Amino acid sequence: MKKLLNIFLLFLVLGMFSCSKSFLEEDPLNFLSTGNGYVSYSDYTNAVNKLYDQVRSEFYSNDDITPFHYIAGCDFLYNGEQGTGVDRFAPMATSLDPTSDIPKLHWVNLYKIVTNANTIIDLAPDSKMNDDQKLEIAAKAKFFRAFAYRTLAYLYGGVPLNLETVTSAKTDYKRATRAEVYDQCIKDLTEAIQGLKNIDQAVDGEINKQAAQHLLAEVYLAAGKFQQAEQTATAVIDNPDVHLMQNRFGSKMSQQDGNVYWDLFQQGNQNRKSGNMEGLWVIQFETDVPGGGASSSSRVGYPLERQCAPYIGQIPNSTIPVNPFITPADDMTGGRGIGWSISTPYFSDSIWKSDFDNDIRNSNLNFIREMVSTNPKSAYFGQVISTRNPPPGITVPSRSFYAYQAKCTTPGGHPKNIFVPGSSLQLSSSAGVTYLDQYMFRLAETYLIRAEAYLGLNMKDKAAADINTVRARSEAKPVAASQVDIDYILDERLRELGLEEKRRLTLMRLGLLYDRVKRFNPYYKDVLPKYNLWPIPQSEIDANPGLEQNPDY
Amino acid sequence: MIKLSYPPPFNNKQAIKFWLIMKLTVCFILFASLQLHAKVTAQQITTSGENLSLAQVFKIVKQQTGYRFFYKDEILNRAVKIKHIHVKNIPLQGFLDLCFKDQPFTYEIVDKTIKLAPKADLQAEQNRLTGRVVDSLGKPVAGAAITIKGTNKGAVADPDGYFSIVADPGQVLVFRSVGFSPTQVVVGEKTDIIVVLKATIQDLSEVTVVSVGYGTQKQRNVTGSVVRADIESFKDAPNTNMVQSLQGTVPGLNVGPVTIAGSTPSIQVRGRNTISGGQDVLIIVDGIQYTGDLSSINPDDIESIDLLKDASSTAVYGAQAANGVLLISTKKGKYNARPVISFSSSYATQNPAGDNRPMNRPEFLDYIKKLYYDSAYLAPDYTTPNPDFNVARFVHRSEANDARTELVDTDYDWWDAGTNTGYINDNQLSISGGGEKVSYLISGGRTNQEGFIINDLFKRTSVRSNIEARPFKWLKLGLQGFGSFVNRDGAEPSISGLFSMPPLNSPFNEDGSYAINPVPTTFDLNPFFTYAVQDYERHNYFVANTYAVVDFPFIKGLSYRVNFGNNYRTDKHYYASQYAQNQTGEAYKQDEQYYDYTLDNILTYDRHLGDHAITATLLYGAVERKYDYTRARGIDFSNITLGYNNLSLAGQQFIESNAWREALNYQMARVNYAYKSKYLLTATIRRDGFSGFAQNNKYALFPSASIGWIFSDESFTKGLHWLNFGKLRAGYGLSGTQTPRYSSLDQLSIGPSYVFGDGGSTEFGQSPTSLANPDLQWEKTRELNLALDFGIFNNRITGTIEAYSRHTKDLLFARVIPELTGFSSIQSNIGEVGNKGIEVMLNTINIKRQDFSWSTNFVFSRNINKVLQLLGTGDLPSSSLFIGQPIGAIYGYKVNGIYQIGEDIPDGFYPGSYRVVDVNGDGKYDADDRVILGSDNPAYRFSLLNSFDYKNLTLSFFINSIQGGKNGYLGNNSQSVQRNELATRINLNSKIDFWMPANPDGEYPLFTDNYPKINPDVYKDRSFVRLQDITLAYNFNKFSFAKKWGFQNLSLYVSGKNLYTWTKWKGWDPEISPATGNGLGSSGRPLIKAYAIGIKASF
């Protein structure tokens, strides 16, 4: 029996030693972890690239609904589809409940940008990069962190300031005040500006000093620091490497009836390579290139066309049984729009009344009101159908027909794969993406930011001068200083920027969302003052009970 | 009598050397074993001579061995002389073989007498006797040994109890089998006999040997919860996956239904142990863990399936065993058995159980009318039809003429076009047998299944060869190898697409080509686009399990076994569709490879010493698994004719690859001890190391112990004549659920992220996607198991009653953290969950007569699941987790009918919406009104198998049921519709009874312009009783033609599966998870009803 025991013990001992220790070590074969993924300049460049991607996704291309939370439910668009309008803030009580998707989704996405930036900022000092590289990488990360926090502060008010890499389950965050968040953004941006390249040195699409200054000026406005806002905006405006485009340029220069405002929104015309000196930060889309963010064979990209162009296909009814238009089509009818966000009469008519005909931004090329019937079977074939005087059976505005801003689509510019096979006009069901690079910041807006700063400083003359610089480029009549107030600036932003602007951020920064919607958008009768801030997501409060909810939610 | 003489015993040094060798592979074992050759010292003959007569030979033999000859004199007259012989120390038998080589007769050695006999081929066939060995129930006694008394001639009964032997009239046949009393039969005139063996007093548990992991044990001595599944009763059911035949047959083993051809159902043992950890039962095939899909295993190759349920029995498998262990053994050949060739063939039809379908044209138009009830009926109460209503104005505009006065003529049945009556065609061939030193089983099978949905195809070709050799008495070597080739070519149409296309639109253009958007101007793609593709999908499995068993000569009862299992799999999926990617085309080639090996060293010591019986097992083993994946994909083809075979024609090309590795290293020690064969003890400890365990917790220990007491062997029960067998057992142990590999590491995602500038190239981006947790641990399940096994009334009633209590802690859980951290959760060990239950298994023999018998098997199980602890105090409503409630608790709004027109309806609700109950009575309808409505866990399950035997006819039917009791086994069966453009072009299940004013009792909400602020999900009872299997078989063995043609066995059968289900649940089958089937939803798949006919033959 003893011998037996000896043998058993030997057996066990042999077994213990026979396995090398590395046998049970876990080396991931197809992914990196933070331990080995943040070493070289190229690692950090990758990490920064992801920030661009995250911003593009959150504000433009995440899907065909959520990017439009930044323009829907404001003072210039209304929900086109009755009954399924929660994503277009109809009704607001449902859309903006603490448990609903909208507040949560953007909170999560924006904080993911913060986290990615935090990781870079935390780990960069100990990396193998040289000092110049460290400065550049940290500057970029800080810009993006400020960009995310500024957005969070506009939407939710004061939010928790998380400025470090998270490594464990921390659940005791507290909200900072909105002013503290602005201060953090100002600090980050001030530091970022030191390390960022001047715009003429930066690659197309790359974040640069002037873009950071533009953002900083806006945050100063939000913080009520009008003097600093004015100075910072001036630094951008006075920079010799940027200016408003005054003359025809770019890919469609030869098209006779075009104009310079129209040129700004033609394909290939947003980046500086095209001669555009006005774009400060252009969000890049490159169709059918991995990482390019847009596809010609599926609805991947920025589906602004789908959201904002009319649903022409829905025209036929008992009065007009035959659609006057071939649809969806690569022409002035708005591509494959489905009329989810309809221009309010305020947007399509009221704001233009003062100078309807001169302002090139209101020409039929830029704000489409008239379309020529393309369907040979239609009684109207070849005739102009106008939103201002529609034929019987067509209601304006309705989901199927309304005036819309041309920059949401690309007439004549859809990529070949998105057409119905064999057709050069009719688009396939996957169409709906706007195949254009997008301005996040454009110099014209910097002028309007400075105008707002001057207004805050009670210098209406200078405010009017800045507004008129913008108006003059579009051949619009100048505004008198006495007429300039915040409403006028907000109207001017609609005229100049329109669908390009993240309108919600402007209105919520100013605390004027309720006021403007109440006055100008009769389609949202249920708007309440509390909607000037979004609720903190309930799930976030559940996970971190110390977070305080915004008033009245 | 052959004796072995041993080499001198090892000294200690040699022993060490020997053990070192043992650690190496099978080859080394073989090498080492060559030193252990044996000598035979039987009766030996030394002689030489020329032209010897037989009489002289007899004399030599008698002189040298004492053996005598017995013969009839006239035989010697026919003898021929032995011309030349010269032998030294040759065994008697060898000597006789030489001498009788050319004689016209042969010999037999009977005791010390050598008997001359006529040569077999002369007389054998007329003396061949065939028959069958059965037990008192008429069931075959496989492997019964048959010997002719007083000779060394014999035979073995085949798996169906049949045997064949040459014997003279008057000779006595002795039938023996473990667990039965030996029976003698005198050979008479009959050449076909049936022998009924009587069981010895002990019940069958004495005989049944079950796998317990790294060894076997007599069922009688088992102290843990180990059950052998009854696969025999379901062998004629049309199942292509062996797990299907376990559905409902073993208490505590919960097997789900199957809806996809050839697929493996879900398997769960004794309730849910975990919130987010793995729930899969551990599968062991022939002693080696099997990670492949069980659809690769041919059900006909399976000899037995044993299930380990409680922690005291699963603890031998440690950290992988908390969800139970299924031990599958494949068939083997038998030594010294003549070859048996078996053939079977069957054909089964495949149709859905139940008749779900989308609406047809009249139903669809009626539904449109409902949607627009305020036009179709007259105000104010909308119950009087509006005579001016024209449905053409309200259908989708593609379904009416331009003036919207007339409907189009199209009436297309999408569902019918996308489905057909499927079939299963199954053919099996095997040959098995063995000689003295080798046994073999070689089988091949071909299964061809076509499901109910068109192109739901499954084809399996499998070959197996199980070979074992015992070159020496102390050494066995074996190979259990199989190859399985599964073909799943072909892709289905989109089921939800078939369901939701309106009958007024057709999939075809006027020229017969597929329409892109069958409903024009919408983006709903033609559901046949996923069907009209090139799809090549193959899964090839190659398994070679080799083993060697050494019975050590120098220590009695000690044996060493090494298992070396190899498991290799390739998965190929090639695909090309001209319709994908907006008709620009997409194609890909995807290749996966998987390999694992298992190396187990098992040392067993098995010894009886007086009243003590001990079996000790030591295990040392390792497993390594490797996987890699490559995919090349292209989209945007200018020409896709060549499909996936020329991806370079794609305008955009993508490549992907992936790989992982994981490894296990473990040791286990177990002792089984029995005192006086009635006091039983098993104690086990296992130590598990796993690469996927977090850095700070690489090893885990899993101890367990169980005891048993066979009280029917005690003297004080001797007076209880009705009691045949009684055993009480109790076990307690710890087992685990592994953390999935890489789950404790933080991960970065890297991929193409951005392009700077027009015409720029791809830039990659990276960001962290998960947090690391270096302290992450496996889930720990502790379980107490108590049971009573019994046999009473002459074993007419046998059964087991078992109760258990499980407690699992350190649950793997993605702990929610505020998302402002950038992460939604961190993998943590949080919370505790308990399962308590009772299981009953009862087998009764109701009638047992000469020609007729009736037996019943009843199975019952009840499990109560409860979340015992979560984070701190908190319930987690967002994950539906509440302390004191089961996992799968259903939390939501109570509903009390539907608001009618004219009713006083609160704000936010409308006619046609659910009347949500203001549970807290605060006058508001909000999230605070949610309550726990019940759970999706069954209250209990039961099944009943009845088998009838009448002469050659066997009938069995199997009823299976899951019951929810009060508020249990609920499933989400919500349907509602809101009128909008979308609703007019989406077809729905024809069984949905929507509300409208003219149909006030309609069950499901319908909304016109306003969507209510709360439209809750509704949950319904899924309880059901199902006639799951029914089989009628007829055996032709007794017919003379069968014998004439040489059949050992010939039977024909018909069977049916899922013939009828009694339930209140509406829509797809209640047992199909509502998460995927969703009752009346469009994406569900039917449960398959099958009728089968088959033949089985062996000869």
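Remember, predicted model here, so these are calculated numbers, not experimental data. Here is the naming used below: chain letters follow the sequence lines, and residue numbers restart at 1 for every chain. Hydrogens, waters and symmetry mates play no part in the numbers below; they use all other heavy atoms, side chains included.
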Looking at every heavy atom in both [X] and [Y], which two are closest together, and how far apart are they?
X: B/Pro768; Y: A/Tyr38; result: CD-OH, 3.5 Å
X: B/Ala663; Y: A/Phe23; result: CB-O, 3.4 Å
X: A/Gly291; Y: B/Pro752; result: N-CB, 3.7 Å
X: B/Gly757; Y: A/Asn271; result: CA-ND2, 3.8 Å

What residue in [options] has the most heavy-atom pairs under 4.5 Å with chain B?
options: A/Ser297, A/Pro316, A/Ser539; result: A/Ser297
options: A/Asn162, A/Asn417, A/Val203, A/Thr171; result: A/Asn417
options: A/Phe285, A/Trp107, A/Tyr173; result: A/Tyr173
options: A/Val166, A/Asp204, A/Leu32; result: A/Leu32
options: A/Asp27, A/Asn49, A/Thr119; result: A/Asn49
options: A/Pro290, A/Ala93, A/Ser298; result: A/Pro290

[X], part contacting chain B, at a heavy-atom distance under 4.5 Å:
X: A/Pro160; answer: side chain
X: A/Ile120; answer: neither
X: A/Arg272; answer: neither
X: A/Gln314; answer: both
X: A/Tyr52; answer: both
X: A/Ile283; answer: both

Enter the distance from [X]:[atom1] to [Y]:[atom2] here, rounded to the nearest 0.5 Å.
X: B/Ser824; Y: A/Glu540; atom1: OG; atom2: CD; result: 10.0 Å
X: B/Asp758; Y: A/Gln284; atom1: CG; atom2: CD; result: 6.5 Å
X: A/Asp43; Y: B/Gln766; atom1: CG; atom2: CD; result: 5.5 Å
X: A/Glu164; Y: B/Thr821; atom1: CD; atom2: OG1; result: 13.5 Å
X: B/Leu820; Y: A/Leu152; atom1: CG; atom2: CG; result: 9.5 Å
X: B/Ser753; Y: A/Asn46; atom1: OG; atom2: CG; result: 7.5 Å

Checking the side chain of [X] only, and the main-chain atoms of [Y] only, is there a donor and an acceptor separated by less than 3.5 Å?
X: B/Lys698; Y: A/Leu24; value: yes
X: B/Asp746; Y: A/Ser33; value: no
X: B/Gln652; Y: A/Val289; value: no
X: B/Arg397; Y: A/Gly313; value: yes
X: A/Lys112; Y: B/Gly822; value: yes

Applying side-chain hydrogen bond (donor to acceptor under 3.5 Å, both in side chains) to B/Asn582 and A/Ser428, what does each step give before you reach the verdict? CA-CA 7 Å; B/Asn582 188 30; A/Ser428 82; 2.7 Å; yes
Is it the side chain or the backbone of [X] that comes within 4.5 Å of chain A heavy atoms, both, or neither?
X: B/Leu771; value: side chain
X: B/Thr584; value: side chain
X: B/Phe1007; value: neither
X: B/Arg741; value: both
X: B/Tyr742; value: both
X: B/Asn517; value: side chain
X: B/Gln747; value: both
X: B/Ser828; value: neither

Among the options [options], pick out the one with the most heavy-atom pairs lying under 4.5 Å from chain A.
options: B/Thr1008, B/Thr762, B/Ile817; answer: B/Thr762
options: B/Phe823, B/Trp660, B/Phe693, B/Phe764; answer: B/Phe764
options: B/Glu624, B/Arg393, B/Lys1013; answer: B/Glu624
options: B/Gly759, B/Gly908, B/Ala580, B/Gly585; answer: B/Gly759
options: B/Arg404, B/Glu763, B/Glu662, B/Glu586; answer: B/Glu763
options: B/Thr405, B/Leu745, B/Ile826; answer: B/Leu745

Name all residues meeting the salt bridge (Lys or Arg N to Asp or Glu O under 4.0 Å) criterion together with B/Glu981; count only those two or more places apart in sequence or in a different chain, and write none if there are none. B/Arg985
Residue set satisfying salt bridge (Lys or Arg N to Asp or Glu O under 4.0 Å) with B/Glu656, at least two apart, ordered chain then number -> B/Arg631
Walk me through it: do A/Glu26 and B/Arg661 pass the test salt bridge (Lys or Arg N to Asp or Glu O under 4.0 Å)? CA-CA 8 Å; A/Glu26 189 165 44; B/Arg661 170 199 179 267; over 6 Å; no
Do other residues, nucleotides or ligands put more than 12 heavy atoms under 6.0 Å from [X] [atom1]?
X: A/Asn36; atom1: CG; result: yes
X: A/Lys170; atom1: NZ; result: yes
X: A/Leu163; atom1: CG; result: yes

